[in-house]
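Since we're looking at a predicted model, the values are computed, not measured. Below, chains carry the letters A, B, ... as their sequence lines are ordered, and counting in each starts from 1.
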Amino acid sequence: MVGGLRAGNEGEALALAGWVHRRRDLGGLLFVDLRDRSGLIQVSFGPDWTEAASMEHAHDIGHEDVIRVEGVVAARPEGAHKDDMATGGVELRVTRLEILSDARTPEIPVYRASEDELPAEELRLQHRVLDLRRRELQQKLVLRHKLVLAARNYMDRNGFIEVETPILTKATPEGARDYLVPSRVHKGEFYALPQSPQIYKQLLMVAGFDRYFQIARCFRDEDLRADRQPEFTQIDVEASFVEVDDILRWIEGLILALAEISDVDAPIPFPRLTWQESMERYGSDRPDLRYQLEIEDWTESTADLDFRVIRSQVDAGGRVRGFLLKGGGGLSRRQIDGVENEAKAAGAPGLLWGKRSDEGASGPLGKFMSEEQADRIGLGIGDLVLVSAGPDSLTSPTLSAVRDALVAVLELQPVREHAWVWVTDFPVFDEEDGMLAASHHPFVMPHTDDIDDLEADPASVRGTAYDLVYNGTEFGSGSLRIHEPELQRRILRVLGLSEDEIEKKFGFLLNALSAGAPPHGGIALGMDRIVQRFTDSPSLRDTVAFPKTTAARALFEGAPTPPGESALDELGLQLKAQDS
RNA sequence: GGGGUUGUAGCUCAGUCGGUUAGAGUGCCGGUCUGUCACACCGGAGGUCGCGAGUUCGAGUCUCGUCAGCCCCGCCA
C-alpha cells in the first residue's frame, strides 16, 4: 500500500503497484504520483537509479495506466518536500518499471485540482469506475462499510440474529408500487421485490427468533429524489417481548456506535416528542431541532382582532399560529416575500405578517392591530410576526416550511450541531381525501387506551409508532406490532378491506399470528440516509457504488433494457404498444 | 403525471442585440527540458453548439416539440 510510506521506511527496497495519478516529465527526470486505495506517493525515474529500458519506457506511461514499480524508498532532496501530502517527505526511486495495464485517455479526470468543478453527474454515472476512483467517493464507501460492520457487531453483541428474507416475495397492497418479477413456471403470475422485510420479520418473531436484524435491501417503484433510490438498504430490527423503551434504548446504543465512527455527537438518551407536540411546536413530524424557533398559538390572543381573513378561518374551527421574531423587523419586504413563497409552495394561500415600529404596527396583518393587541402577542418595536390561520392540517405544513425558510434567511445559528429526537405516538391512520390509510403500515399496535375508538373515531387513535429524526431527516421508523389476529383483522376492516381481501392479502400473516404470536416490535433505519448525512453528501447517489438516475436508469451498465423475444415467450408475456 | 433548470471541443466553461472563420483553460498528440509536484516552454489536432422541426436573407443565440441529467411537487404503507 502506497499511502503509508514515511521517512522511517527510508532505504527499504520494495515493489509498489497502482494507478498513474499525475505525471511530470522533465525530460531527464520523470515523476509519477502513484495512487492506490491507501493514497498517493511520488515515484521518481532518473538515469542514475532507473534501468535504461525502464527509463525509456517511463516516458510512455499515461494517466490511469496501471503500473508496477520496484525501487528503494528515499528521502526527497532538501527543498523538494511536499508538505501537503502525507507521503511528501519520501519517494520511491524506481529501478524497474512494468506497465501492467494501458489505460485509454479517461473520459472524466480522476485527478482534480481543488478549484476544479466535478464533471457533470451524468458523465460521472456513465463512467462510474473512473468516478469511483476519486478519494471522496472511496472514503464514503469505506465509511459505509465501517458503519455496516459496526451495526452487525452491535446487534450481535446484543443477542440479535441476522436472518435473510426473500427478495422474490408476494406483492402487498397499499404502500409504494412494487417492482414485479414474472414467474416462468407460473405464467401470468408475478413475484414482487420487497418494499421492506416487514411481514417476514414478524413471521420470524412468531417462529421464535426473538431478536432479529438484517442489513436488508428494499425496493420501491416510486419517483426518485436526491435522497431516494429505487433500491436502498435498511438496518431492519425486530424483537419479541419488548416495550417501546427497550427498542429505543437498543437503537440509541446502535446509533451511538455508528456516530462514534463518523465523529458525530449522539448524546443518549435522545429527547422525545410526541407527534402531537412536534406538530404543535414545529409543524412537522421530523423537526430540525438544531434551531430553537417554535410555533406559537395566538387564537385566543387575537380573538378580538377585526380581520376578516382570520375571523373566517377561526369561525370555521381553525387556529391562528405563527412565529414571533424578536428583532425580525429588519427583514426586507423581498425577504418576507421569499418566506411567503415557501409558505405558498407548502399549500398556504398566503402568509400574514406584521412589523412594529415607533409609529405602530404595519403589514398585511399588523395594520389591523392596535398597540394593545400587538403587546398581547408579544410584538414589540422592531419585531416581526408571521402568521398562518386555518385548520392544523394546513397551518402545520405551512409553518414548517416557513420555519425552514426563516432559518435560511435569518442565517439562524444552530443551538447544537447534531440534533437527535424521537417522535413518538404517531396516529395509526391518515385521512386522505376522506379515505383512511395506514399512516405507517397496517401492523402498528394502537395505544391500549385508544383501541375502543378504532371504529368510532379512527383519526384519534394513537399508535405505538416512533421515528428517529436527525437534523430534520427521518433516519428510521418503527412501532410495536399487532400480535393478536382479531385486532389485526379489525384494523384491516377499518382500512376498508373486505373479509375476502383480508384473507387473500394477509391470510398468511393472520394464520401465523394465530399460531401463538409473541408481543413484538421493531424499527428500520435507512442505512443510505445515515451515510449521506454522516458524510455530508448532497445526494444518496454518492453513498452507493452504482446508483440509478432520477429516472431510475443505470447509466453505466444501461439498465433497464427491453427483453428479447424469446425471454418474453418463455415468460408468457407480450408487450403492449407504447405511446397513446 | 406536473413545474423549474441545464445541455457548446475528451472535461470545466465563455460566447454581447440574431450577422463573416464558434473561443479560453485543462486534457490529448508532437517537441525541448535532471528535482518536479496544477512542472515549465514551443507547436499541433480536436466542434452533429443534445436531437428534430419552425421563424428569418441569416439561428449556438428566437419559437415549438423531443431526449437526457439535476432540483422540486404529486407519489414514497
Sidechain N-carboxylate O distance under 4.0 Å for A:Arg22, A:Asp33:
no
Expressed in whole Å, how much space separates the C1' atoms belonging to B:U5 and B:G30?
42 Å
Between A:Phe443 and A:Phe506, is the ring centroid distance below 6.0 Å?
yes
Tell me the interatomic distance from A:Asp430, atom CG, to B:C75, atom C1', rounded to whole angstroms.
14 Å
Looking at B:G7, does its base get a donor-acceptor pair with the side chain of A:Glu122 below 3.5 Å?
no
B:U26 and B:A40: how far apart are their C1' atoms, nearest whole angstrom?
15 Å
Give A:Ser439 one of three labels, base, sugar-phosphate or nothing, depending on what nucleic acid heavy atoms sit under 4.0 Å from its own.
sugar-phosphate
Rounded to the nearest Å, what distance is computed from the CG atom of residue A:Leu123 to the C1' atom of nucleotide B:U6?
13 Å
Suppose you measure atom P in B:A22 against the same atom in B:G50; what distance do you get, rounded to whole Å?
16 Å
What interatomic distance, in whole Å, is found between C1' of B:U6 and the corresponding atom of B:G74?
23 Å
Distance-only donor-acceptor check, side chains A:Tyr200 and A:Gln198, under 3.5 Å
no
With a 4.0 Å cut-off, would you call A:Glu91 and A:Arg93 a salt bridge?
yes
B:G3 phosphate, OP1 or OP2: any side-chain N/O from A:Lys344 under 4.0 angstrom?
no
Which label fits A:Phe219 and A:Tyr179: parallel for a plane angle under 30°, tilted from 30 to 60°, or perpendicular past 60°?
perpendicular
In Watson-Crick or G-U wobble terms, both distances under 3.5 Å, what is the partner of B:G47?
none
Determine the Euclidean distance between corresponding P atoms of B:G1 and B:C11; express it in Å to zero decimal places.
30 Å
Please measure how far the C1' atom in B:C62 lies from the corresponding atom in B:G69, and state the result in whole Å.
25 Å
Would you say A:Gln42 and A:Thr87 are linked by a side-chain donor-acceptor pair, where the criterion is simply a distance under 3.5 Å?
no
Residue whose closest nucleotide on RNA chain B lies nearer the 5' end, A:Arg553 versus A:Ala345:
A:Arg553
After noting the C-alpha distance and the side-chain angles of A:Glu136 and A:Arg112, does the key distance pass the salt bridge (Lys or Arg N to Asp or Glu O under 4.0 Å) rule?
CA-CA 11 Å; A:Glu136 298 98 300; A:Arg112 191 161 68 102; 2.8 Å; yes
Salt bridge between A:Glu455 and A:Arg490, side-chain N to carboxylate O under 4.0 Å?
yes
Suppose you measure atom P in B:G27 against the same atom in B:U12; what distance do you get, rounded to whole Å?
15 Å
Select one nucleotide: of B:U36, B:C11, B:A38, the one nearest the side-chain heavy atoms of A:Phe31.
B:U36
Looking across every strand, which nucleic acid part, if any, lies under 4.0 Å from A:Leu224 by heavy atom: base, sugar-phosphate, or nothing?
nothing
For the pair made of OH in A:Tyr111 and C1' in B:G10, what is the distance, rounded to whole Å?
17 Å
Touch class at under 4.0 angstrom, heavy-atom based, for A:Glu117 against every strand present:
sugar-phosphate
Decide, yes or no, whether a salt bridge links A:Arg334 with A:Asp337 under the criterion of side-chain N to carboxylate O below 4.0 Å.
no
Hey, is A:Asp84 close enough to A:Lys82 for a salt bridge, meaning N to O under 4.0 Å?
yes
Tell me which residues in residues 54-81 of chain A lie within less than 4.0 Å of RNA chain B, going by non-hydrogen atoms.
A:His63, A:Arg76, A:Pro77, A:Ala80, A:His81
Let's test this: given Watson-Crick or G-U wobble pairing with both distances under 3.5 Å, identify the partner of B:G7.
B:C67
Answer yes or no: side-chain N or O of A:Arg93 and base N or O of B:G35 forming a donor-acceptor pair under 3.5 Å.
yes
One thing to verify: whether A:Arg220 and A:Glu231 come together as a salt bridge, which I'm taking to mean a side-chain N less than 4.0 angstrom from a carboxylate O.
no
Nearest to the side chain of A:Lys82 - B:G10, B:A38, B:A68?
B:A38
Rounded to the Å, how far apart are A:Trp49 CH2 and B:U34 P?
12 Å
Does A:Asp223 reach a base, just sugar-phosphate, or nothing at all? Heavy atoms under 4.0 Å.
base
Could you give the CG-to-P distance, from A:Leu26 to B:C41, as a whole number of Å?
13 Å
How would you label the contact of A:Leu30 with the nucleic acid (heavy atoms, under 4.0 Å): base, sugar-phosphate, or nothing?
nothing
Phosphate OP1/OP2 of B:C73 contacted by A:Arg225 side-chain N/O (<4.0 Å)
yes
Write down the distance separating the P atoms in B:G35 and B:U20, rounded off to the nearest Å.
48 Å
Any residue of residues 536-551 of chain A with a heavy atom less than 4.0 Å from an atom of RNA chain B:
A:Arg541, A:Thr549, A:Thr550, A:Ala551
NA contact type, A:Asp221, heavy-atom cut-off 4.0 Å: base, sugar-phosphate, or nothing?
nothing
Respond yes when some side-chain nitrogen or oxygen of A:Arg24 is under 4.0 Å from OP1 or OP2 of B:C39, and no when none is.
yes
For B:G54, give its Watson-Crick or G-U wobble partner with both distances under 3.5 Å, or none.
B:C62
Taking only side-chain N and O atoms of A:Arg22, does any of them lie within less than 4.0 angstrom of OP1 or OP2 on B:C39?
yes
Residues at least two apart in sequence or cross-chain that pass side chain to side chain contact (heavy atoms under 4.5 Å, CB included) with A:Pro349, listed by chain then number, are A:Leu394
Which nucleotide, B:U36, B:C37, B:C70, lies nearest any side-chain atom of A:Leu125?
B:C70
Which of these, A:Asp453, A:Thr464, A:Asp425, sits in a side chain to side chain donor-acceptor pair (under 3.5 Å) with A:His447?
A:Asp425
When both distances are under 3.5 Å in a Watson-Crick or G-U wobble arrangement, the nucleotide paired with B:A40 is B:U32
Nearest whole angstrom, please: distance from the P of B:A68 to the CD of A:Glu121.
16 Å
Measure from CZ on A:Arg124 to P on B:G69 and round the result to the nearest Å.
15 Å
What's the CD-C1' distance between A:Gln234 and B:C76, to the nearest Å?
12 Å
Both distances under 3.5 Å, Watson-Crick or G-U wobble: report the partner of B:A14, or none.
none
